[in-house]
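First the structure, in the form of structure tokens, and then the observations on it.
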Protein chains: 2
Amino acid sequence: MVTLADVARHAGVSASTVSYVLSGKRSISAPTRERIQHSIDALGYRPHAGARALASSRTDILALMMPLRTGLYVPVMMEIAMAVTTTARSHGYDVLLLTGEEGPEAVRRVEGSAIADAMIVMDVELDDPRLPCLREAERPAVLIGLPAASADTVDSADSTVLDCVDLDFEAAGARCVEHLAGLGHTGIAVLGEPPAVYARGTGFAARTLTGLRAAAEAHGVGLLHRPVEGTYAAVAAAVTRIFEERPGTTALVVQNEAIVEPLLALLRHQGRAVPEDVSVAAICPDQVAVHASVPLTAVSVPAQEMGRLAVERLVARLRGEAARGTELIAPLLTERASTGPAAGATRAVAGTGAGAGTGAGTASGAEPTESQVASTEGRRGHGGR
Amino acid sequence: MVTLADVARHAGVSASTVSYVLSGKRSISAPTRERIQHSIDALGYRPHAGARALASSRTDILALMMPLRTGLYVPVMMEIAMAVTTTARSHGYDVLLLTGEEGPEAVRRVEGSAIADAMIVMDVELDDPRLPCLREAERPAVLIGLPAASADTVDSADSTVLDCVDLDFEAAGARCVEHLAGLGHTGIAVLGEPPAVYARGTGFAARTLTGLRAAAEAHGVGLLHRPVEGTYAAVAAAVTRIFEERPGTTALVVQNEAIVEPLLALLRHQGRAVPEDVSVAAICPDQVAVHASVPLTAVSVPAQEMGRLAVERLVARLRGEAARGTELIAPLLTERASTGPAAGATRAVAGTGAGAGTGAGTASGAEPTESQVASTEGRRGHGGR
DNA sequence: ATGAAAGCGCTAACAT
DNA sequence: ATGTTAGCGCTTTCAT
């Protein structure tokens with residue numbers, strides 16, 4: 001193994017000079033630096049991670065704690081993980097993958113063994129058992145997701161406040177209802193995540209529901225909410241019941257990536273045209289919305305951005321910058337082919353900001369120009385540095 | 001921070017004794033051990049990972065290199081990653097997540113910086129640029145996937161031979177054709193991965209095709225192969241062409257998780273009943289097969305087992321055991337509702353081992369008892385220890 | 001069965 | 001602008 005001492009000898013300088021060339025924490029004369037760099041290349045030197053960690057108390061590793069749970073849409077998790085990893089690499093960090101399975105113990109392990117410099121925690125529950133550990137921890141952490149309302153404001157003077165990054169799911173829910181209400185729909189049903197997701201107290205699902213309900217009330221539209229398992233049979237049962245119980249339903253909001261295609265197939269099978277007979281709005285990744293058999297009007301779940309943002313805040317904090325607090329990403333609704341005016345409605349009843357746009361496209365195949373309708377505030381929400 | 005020295009002082013012993021209690025590499029008297037253990041708990045001591053790595057040249061970390069590519073079915077990757085992580089934890093290892101993006105450079109980083117003790121490489125291409133680095137590396141590596149034919153036998157005397165773990169995709173392809181041929185089908189079409197996957201030289205896709213073709217020839221059935229993008233439109237185009245060009249097609253083999261549901265929807269829409277008019281066999285994870293709108297007869301892709309196996313071999317090798325060579329998992333075909341006798345065929349024409357079983361179930365909803373038909377060799381293939 | 005002590009390879013004062 | 005040196009916290013000989 002090639003050590004720093006080897007390089008120093010080869011270049012005819014002291015070990016510290018080599019170290020300083022590597023860290024850039026001291027100005028080195030150009031000739032010396034070049035000579036050392038040459039030796040490094042010639043010998044193929046790489047600093048030993050363990051030695052560096054021991055001496056500097058920095059590992060250049062970020063821990064990423066991922067859920068291992070049922071009912072979650074896997075591609076989103078994966079996209080976040082990959083965005084985290086590539087963003088981390090671009091800042092010189094590696095990523096240690098932890099499963100949610102270990103729970104609070106994993107947090108203690110990371111903290112106690114100095115195995116990583118900071119952590120990113122996904123799939124945060126409203127009252128998550130890992131939070132107390134995280135608060136006590138020395139190392140910074142960022143949650144992707146939001147625990148119980150305004151966890152960050154609990155004691156904003158305290159330095160151990162938790163940082164959060166997430167889509168503003170409440171606004172996202174509201175945005176969907178607004179869009180549909182603007183098209184004249186007065187009976188909306190929500191096909192949600194599996195019951196287990198709500199039961200567990202997963203933040204995003206609950207927050208979406210809050211936003212949906214608030215907007216429904218504000219716009220005077222009826223709202224029916226049904227958690228749905230990710231199977232065709234479950235979708236069929238839910239949809240059938242919805243139309244039986246509330247025949248006035250003319251629009252659906254889906255927040256459950258697994259049932260998007262089954263739902264569209266079912267509606268087709270039942271002879272309900274989308275969007276002529278029933279409009280469908282979704283909260284899902286763009287990719288799902290675009291590739292669906294009917295391109296879906298949807299609020300996109302910006303998985304990549306969430307991962308990237310989380311890493312950037314963490315890196316900023318590790319650099320000593322004060323990137324604190326909750327940062328919610330403003331929802332962005334893109335109109336595609338799945339939503340249109342309510343049958344018999346005189347379009348755009350209320351003045352809900354965004355117009356009803358090009359929604360009334362044909363039911364399949366076509367890829368109409370996407371008209372993006374940003375939320376009023378622009379893409380980024382409050383909080384941050 | 002609590003150090004080993006703190007524990008030693010607290011327990012009134014020397015540092016080395018504490019170390020030996022932790023590692024178990026020396027016999028310690030019961031009283032001493034208990035006293036030390038008590039001090040450890042009392043002080044909440046955790047060994048410093050960096051210090052340990054420096055002193056012992058072991059990190060207790062496994063690197064996992066995941067693809068970041070398009071066209072791959074994400075849930076399978078994720079399942080492997082999670083299986084790797086949990087299995088690793090159960091052996092005391094943590095997992096460092098690397099993206100395929102970095103390519104060979106990542107291998108060198110891991111090697112040079114001693115950042116992990118070993119690595120697992122996924123999404124191996126037939127002629128993968130990372131392989132040379134891997135061969136030169138000191139640290140053991142296991143590939144999930146198979147590079148160009150029998151890479152491990154190139155120089156089986158050499159100690160730097162690469163270990164591989166994978167589903168025997170060739171046998172899996174053959175198994176599908178056998179099953180369908182046994183049901184009397186004589187015209188089979190294969191809906192494969194997106195063209196890019198084949199173009200890239202991804203091992204599993206090519207190997208499956210080899211197996212499919214060989215079996216088709218052996219059983220005298222016609223075989224048509226079509227790579228398909230993961231969109232509804234692409235499936236529709238492919239299927240339409242297939243039935244136009246070869247009206248005699250009565251069975252489909254799908255190896256592309258993304259198009260399973262679109263395909264079934266399309267067939268339904270076209271009025272082709274599954275399995276009465278057309279049988280569908282798949283190569284996909286069990287979960288996909290079970291939850292499809294028509295439960296699919298399928299060779300399961302055992303993602304979890306692959307991840308677990310890879311870790312176990314690596315751990316064995318790190319312990320100095322000789323767990324070398326390629327280990328292929330024998331395919332397991334489970335009959336469900338999507339395959340049945342070819343229309344007008346006198347069932348089970350050729351004597352292809354496994355019988356035609358309960359395949360002729362109803363087309364939807366029902367969950368017939370699954371009859372598992374193992375391959376002749378049993379679950380594990382050759383190689384390994 | 002236990003201690004003492006020499007590093008592991010690097011960083012960061014403290015020199016000059 | 002560069003060199004010297006004292007650790008970082010642990011493992012592991014070598015002693016006893």
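Heavy-atom basis, side chains included; hydrogens, waters and symmetry copies ignored. So you know, we letter chains A, B, ... as the sequences are listed, proteins then strands, and number each from 1.
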So does B:Ser16 get a side-chain nitrogen or oxygen closer than 4.0 Å to the phosphate oxygens (OP1/OP2) of D:dT12? no
Is there a side-chain polar atom (N or O) of B:Ser56 under 4.0 Å from OP1 or OP2 of D:dT12? no
Roughly, in whole Å, what's the span from CG in A:Leu4 to C1' in D:dG7? 16 Å
Think B:Ser14 has a side-chain N or O under 4.0 angstrom from the OP1 or OP2 of C:dG3? yes
A:Thr17 side chain near D:dT2 phosphate (N/O to OP1/OP2, under 4.0 Å): no
What's the closest nucleotide to the B:Ser27 side chain, out of C:dC10, C:dG3, C:dA1? C:dA1
Please tell me whether A:Thr17 and A:Ser14 have a donor and an acceptor in their side chains that are separated by less than 3.5 angstrom. yes
Looking only at C:dG9, D:dT11, D:dT13, the nucleotide nearest the B:Tyr20 side chain is D:dT13
Is A:Thr3 close enough to C:dC8 that one of its side-chain N or O atoms is under 4.0 Å from OP1 or OP2 there? no
Does B:Thr32 make a side-chain donor-acceptor contact with the base of C:dA1, cut-off 3.5 Å? no
Identify the residue among B:Val121, B:Leu68, B:Val107, B:Val110 that makes a side-chain contact (heavy atoms from CB on, under 4.5 Å) with B:Leu98. B:Val110
So, is A:Ser19 close to the C:dC10 phosphate, meaning a side-chain N or O under 4.0 Å from OP1 or OP2? no
Between D:dC10 and B:Tyr45, is there an OP1 or OP2 to side-chain N/O distance shorter than 4.0 Å? yes
Can you check the A:Arg9 CZ to D:dG3 P distance for me, whole Å? 14 Å
Under 3.5 Å: donor-acceptor pair, side chain of B:Asp117, backbone of B:Asp60: yes
Degree of bending, the helix from C:dA1-D:dT16 to C:dT16-D:dA1 (end axes from five pairs; round to 10°): 30°
Rounded interatomic separation in angstrom, taking CG from A:Leu54 and P from C:dC10: 12 Å
Given that A:Ala15 and A:Arg26 both sit by DNA chain C, which one's nearest nucleotide is further toward the 5' end? A:Ala15
Could you give the side-chain donor-acceptor pairs of residues 90-97 of chain B under 3.5 Å, partners two or more places apart or in another chain?
| from | atom 1 | to | atom 2 | distance (Å) |
| --- | --- | --- | --- | --- |
| B:Ser90 | OG | B:Thr87 | O | 2.7 |
| B:Asp94 | OD1 | A:Arg109 | NH2 | 2.5 |
| B:Asp94 | OD2 | A:Arg109 | NH2 | 2.3 |

What is the distance from CZ of B:Arg46 to P of D:dC10, rounded to the nearest Å? 13 Å
Under 3.5 Å, side chain of B:Arg35 to main-chain N/O of B:Ala11, donor-acceptor pair present? yes
Tell me yes or no: between the side chains of B:Ser29 and B:Thr32, is some donor less than 3.5 Å from an acceptor? yes
Check for a donor-acceptor pair, side chain of A:Arg130 on one end and backbone N or O of A:Pro104 on the other, with a separation under 3.5 Å. no
Kindly point out which of D:dT4, D:dG9, D:dT2 is positioned nearest to the side chain of A:Ile28? D:dT2
Atom-pair distance (CZ on B:Arg52; P on C:dG9), nearest Å: 18 Å
hbond_proxy A:Ser23 side chain to C:dT11 base (donor-acceptor, 3.5 Å cutoff): no
How many whole angstroms separate atom CZ of B:Arg58 from atom C1' of D:dC10? 13 Å
Is there a side-chain polar atom (N or O) of B:Lys25 under 4.0 Å from OP1 or OP2 of D:dT11? no
Would you compute the distance between atom CD of A:Glu305 and atom CD1 of A:Ile329 and round it to the nearest 0.5 angstrom? 4.0 Å
Rounded to whole Å, how long is the line connecting atom CG of A:Leu43 with atom P of C:dG9? 15 Å
Between CE of B:Met1 and P of D:dG7 the distance, given in whole Å, is 18 Å
